[in-house]
Amino acid sequence: MERTLVEDTINKIGETITLKGWVNTKRDHSKIVFIDLRDRTGLIQIVGTGDLLGSLKLEDVVSIEGLVKARPEKMINPDLTTGTVEIEALKLAVLSHSAELPIDMSKETLEVELPTLLDYRSLSFRHPKIQAIFKVQAVVIDAFRRALMEKDFLEFQAPSIINAVPEGGSEVFKVDYFDHEAYLSQSPQLYKSLLTTAFERVFSVNHIFRAEPSATTRHLTEAVSLDAEFNFIESVDEVLDMEEYVVRYIFDEVQQHCQKELALFNATIPLMSEKFPIIKLRDAQEIIFERTGRDCRTEKDLAPDDEREICAWAKEEKGSDLVFVSHFLTKKKPFYCYPDPADPEYALSVDLLCRGVEWSSGGQRLNDYETILKNVHEWGLKEEDVALYLQAFKFGSPPLGGFALGAERITMYILGLKNVREASMFPRDMERIDLRLSSAK
Ligand code: ATP
Ligand code: MG
């Protein structure tokens, strides 16, 4: 008999169907046994005799023929999409046996510490709440793509192996590259910018690699970056407008397609005012000083506490979970950042913060060849390390800008996860590449 998916059972009351999936939970009352069967579309309750279902173990893979029955009113389970029906099992075939489970998968939330959850990553993916994280992430990435394709951006594939690190080398992984030294790319920044001089509007969904030597809850050593860059801009405002459009598009899609997933985490889409507020770094630092007495007014960037504080301010004063912070010190930014003509000590570089943390960095970039070349020298870089970049800007290059959003951070802060590792299928950090490095030989 053709397979019916769990989510389709609610339309098949009175029919005999075949379901295939995993035994998610089992309640054994000896003569009568209840199981929740799981497939990619959800969970459904199956009831059968002890003779038929009694020997099943959790995570066994089964094919069950059964009759779809409407549940009596008082037995309806509102927490389950299929809570209005249950299946009376008639025939069973076990397609694959599972070994004894090392962790308890039956709870609504996996009650294990994150390291254990990651030690059993292949298994933890099967938990509905873990699956929900990656469904949301897939929608986020898909929405990013579609938002930009609707604006006529071309998707490109960013390289991961690069020959030099003009943006500074302390947080970069070295690679043995035949007889040479190469590096893993920290960002496709230079590639996306140079591509605008040919394609005008480009974006990429790519992996970035950072040898972050600290263990924070928001840094991975390999992360997914959502990068966009475009030219023929009149001002940096166009970059911010594009970013705001993309972020709103992402939220709309998550709102539309991830109701079930948001509910599992009791999560809501970030609060948005009519327009995302923007504040200069200096003004943000003043506000933080006034609100907390903490003096960060000479710092070049916002520390984690400052990011939380300015987000709290934006929520209270502007009714927004999101806030742009602009005008970082030009000299502390990479060589391609565009100084504000009105105040060149500060650059037209802009971070987007949400729910207390940085989600993205972006801004306007220099497009004048001579100025870029001058900066390359002033920043102490080698011309040959940025040769391809310079080449692009030597031969006609319109004003440009762009931004990069972290896919794991977005997922983490939409769902209110405690650690960015939860939002990465295979998180890499100082202590882990799939397995704990300390346990590797
Ligand atoms: P932070 O200051 O939070 O360390 P950053 O300024 O170094 O971030 P950018 O180079 O601006 O990061 O990268 C753009 C975006 O990519 C960040 O805003 C963030 O969302 C994401 N991102 C950067 N580094 C990491 C990382 N190590 N792990 C996870 N996401 C990251
Ligand atoms: Mg940044």
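The figures that follow rest on heavy atoms only: side chains count, while hydrogens, waters and symmetry mates do not. Values in this document were obtained by computation on a predicted structure and should not be read as measured data.
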Undergrad: Kindly determine whether Val62 and Leu37 satisfy side-chain contact (heavy atoms from CB on, under 4.5 Å), including the steps that lead there.
TA: CA-CA 9 Å; Val62 295; Leu37 185 82; 3.4 Å; yes
Undergrad: Does Glu7 form a side chain to side chain donor-acceptor pair (under 3.5 Å) with Thr41? I'd like the steps, not just the answer.
TA: CA-CA 6 Å; Glu7 69 179 2; Thr41 65; 4.7 Å; no
Undergrad: Taking atom CZ of Phe199 as the centre, report whether more than 12 heavy atoms of other residues, nucleotides or ligands fall under 6.0 Å from it.
TA: no
Undergrad: Are the charged groups of Arg248 and Glu244 less than 4.0 angstrom apart, N to O?
TA: yes
Undergrad: So which heavy atom on Leu281 is nearest to which on Glu299, and how close?
TA: CD2-O, 4.3 Å
Undergrad: Strictly distance-based, threshold 3.5 Å: is any side-chain N or O of Asp241 a donor or acceptor partner for the main-chain N or O of Glu238?
TA: no
Undergrad: Could you report the tightest heavy-atom contact between Met430 and Ser214, atom names first, then the distance?
TA: SD-N, 4.0 Å
Undergrad: Are a donor atom and an acceptor atom from the side chains of Ser106 and Asp104 found within less than 3.5 Å of each other?
TA: yes
Undergrad: What's the verdict on salt bridge (charged side-chain N to carboxylate O under 4.0 Å, His left out) for Glu309 and Arg291, showing C-alpha distance, side-chain angles and the deciding distance?
TA: CA-CA 8 Å; Glu309 191 58 36; Arg291 284 170 63 97; 2.6 Å; yes
Undergrad: Which atom pair, heavy atoms only, marks the closest approach of Met1 to Thr16?
TA: SD-O, 3.5 Å
Undergrad: For the side chain of Arg121 and the backbone of Phe426, is there at least one donor-acceptor N/O pair under 3.5 Å apart?
TA: no
Undergrad: Within 45 degrees of the axis of the six-membered ring of Tyr338 and under 6.0 Å from its centre: does Arg365 put its NZ or CZ there?
TA: no
Undergrad: Do His219 and Thr216 get their side chains close enough for a donor-acceptor pair, meaning under 3.5 Å?
TA: yes
Undergrad: Please name all residues satisfying salt bridge (Lys or Arg N to Asp or Glu O under 4.0 Å) with Arg126, sequence neighbours left out, ordered by chain then number.
TA: Glu59
Undergrad: Is there a donor-acceptor pair closer than 3.5 Å between any side-chain N or O of Thr116 and the backbone N or O of Val112?
TA: no
Undergrad: Take atom CD in Gln259; do more than 12 heavy atoms of anything else shown fall under 6.0 Å from it?
TA: yes
Undergrad: Please answer whether the main-chain N or O of Thr221 pairs with a side-chain N or O of Arg210 as donor and acceptor at a distance below 3.5 Å.
TA: no
Undergrad: For the residue pair Tyr389 and Phe335, is the inter-centroid distance of their aromatic rings smaller than 6.0 Å?
TA: yes
Undergrad: Would you please say whether a donor-acceptor pair under 3.5 Å links the side chains of Ser361 and Asp351?
TA: yes
Undergrad: Tell me, with the steps shown, if Asp51 and Thr49 meet side chain to side chain donor-acceptor pair (under 3.5 Å).
TA: CA-CA 5 Å; Asp51 287 347; Thr49 62; 5.2 Å; no
Undergrad: Give a yes-or-no answer on whether the side chains of Lys280 and Ser326 include a donor-acceptor pair shorter than 3.5 Å.
TA: no
Undergrad: Can you list the residues that meet the salt bridge (Lys or Arg N to Asp or Glu O under 4.0 Å) rule with Glu88, with sequence neighbours excluded?
TA: Lys69
Undergrad: Charged N to carboxylate O under 4.0 angstrom, Arg432 versus Asp119?
TA: yes
Undergrad: Ignoring hydrogens and angles, tell me if any N or O in the side chain of Arg308 forms a donor-acceptor pair with the backbone of Val357 under 3.5 Å.
TA: no
Undergrad: Using the ring of Phe328 (Phe, Tyr or Trp, six-membered ring only), decide whether Lys333 places NZ or CZ under 6.0 Å from its centre and within 45 degrees of its axis.
TA: yes
Undergrad: Classify the side-chain pair Gln285/Arg294 by whether it contains a donor and acceptor separated by less than 3.5 Å.
TA: no
Undergrad: Around atom CG of Leu90, are there more than 12 heavy atoms of other residues, nucleotides or ligands at under 6.0 Å?
TA: yes
Undergrad: Search all heavy atoms of Ala407 against all heavy atoms of Gln137 and return the closest pair with its distance.
TA: O-NE2, 3.7 Å
Undergrad: How about OH on Tyr177, more than 12 heavy atoms from neighbouring residues, nucleotides or ligands closer than 6.0 Å, or not?
TA: no
Undergrad: With a cut-off of 6.0 Å (strictly less than), are more than 12 heavy atoms of other residues, nucleotides or ligands near OH of Tyr191?
TA: yes
Undergrad: Closer than 4.0 angstrom, basic N to acidic O: yes or no for Lys129 and Glu108?
TA: no
Undergrad: So with a 6.0 Å cut-off around CD of Gln256, is the heavy-atom count from everything else above 12?
TA: yes
Undergrad: Checking side-chain contact (heavy atoms from CB on, under 4.5 Å) for the pair Phe276/Val247: CA distance, chi angles, key distance, verdict?
TA: CA-CA 10 Å; Phe276 295 175; Val247 170; 4.0 Å; yes
Undergrad: Under 3.5 Å, is there a donor-acceptor pair between the side chain of Asp385 and the main chain of Ala164?
TA: no
Undergrad: Do Arg27 side-chain atoms and Ile35 backbone N/O form a donor-acceptor pair below 3.5 Å?
TA: no
Undergrad: Show the nearest heavy-atom pair for residues Leu264 and Pro128, with the distance to one decimal.
TA: CD1-O, 4.0 Å
Undergrad: Asn206 and side-chain contact (heavy atoms from CB on, under 4.5 Å): which partner among Val224, Asp227, Leu226?
TA: Asp227
Undergrad: Can you give me the closest heavy-atom contact between Glu229 and Leu400, atom names plus distance?
TA: OE2-CD1, 3.7 Å
Undergrad: Quick one: does any side-chain atom of Thr9 pair with a main-chain N or O of Val6 as donor and acceptor, under 3.5 Å?
TA: yes
Undergrad: Return yes when atom CH2 of Trp359 has more than 12 non-hydrogen atoms of other residues, nucleotides or ligands closer than 6.0 Å, and no otherwise.
TA: yes
Undergrad: Indicate yes or no: does Lys20 engage Asp39 in a salt bridge with an N to O separation below 4.0 Å.
TA: no
Undergrad: One thing to verify: whether Arg428 and Asp434 come together as a salt bridge, which I'm taking to mean a side-chain N less than 4.0 angstrom from a carboxylate O.
TA: yes
Undergrad: So does Leu117 get a backbone contact from the side chain of Ser124, meaning a donor-acceptor N/O pair under 3.5 Å?
TA: yes
Undergrad: Throw together a table of side-chain donor-acceptor distances under 3.5 angstrom for residues 138-163, partners on residues two or more places apart or in other chains.
TA:
| unit_1 | atom_1 | unit_2 | atom_2 | d |
| --- | --- | --- | --- | --- |
| Asp142 | OD2 | Arg146 | NE | 3.1 |
| Asp142 | OD2 | Arg146 | NH2 | 3.3 |
| Arg145 | NE | Glu155 | OE1 | 2.9 |
| Arg145 | NE | Glu155 | OE2 | 3.1 |
| Arg145 | NH2 | Glu155 | OE2 | 2.9 |
| Arg146 | NH2 | Glu253 | OE1 | 2.5 |
| Glu150 | OE2 | Tyr249 | OH | 2.6 |

Undergrad: So, does Asp60 use its side chain to make a donor-acceptor pair with the main chain of Val23 at under 3.5 Å?
TA: no
Undergrad: Side chain to side chain donor-acceptor pair (under 3.5 Å) for Glu65 and Thr18? Distances and angles first, verdict last.
TA: CA-CA 4 Å; Glu65 200 178 302; Thr18 297; 4.5 Å; no
Undergrad: Looking at Glu408 and Arg421, is any side-chain nitrogen of the basic one under 4.0 Å from a carboxylate oxygen of the acidic one?
TA: no
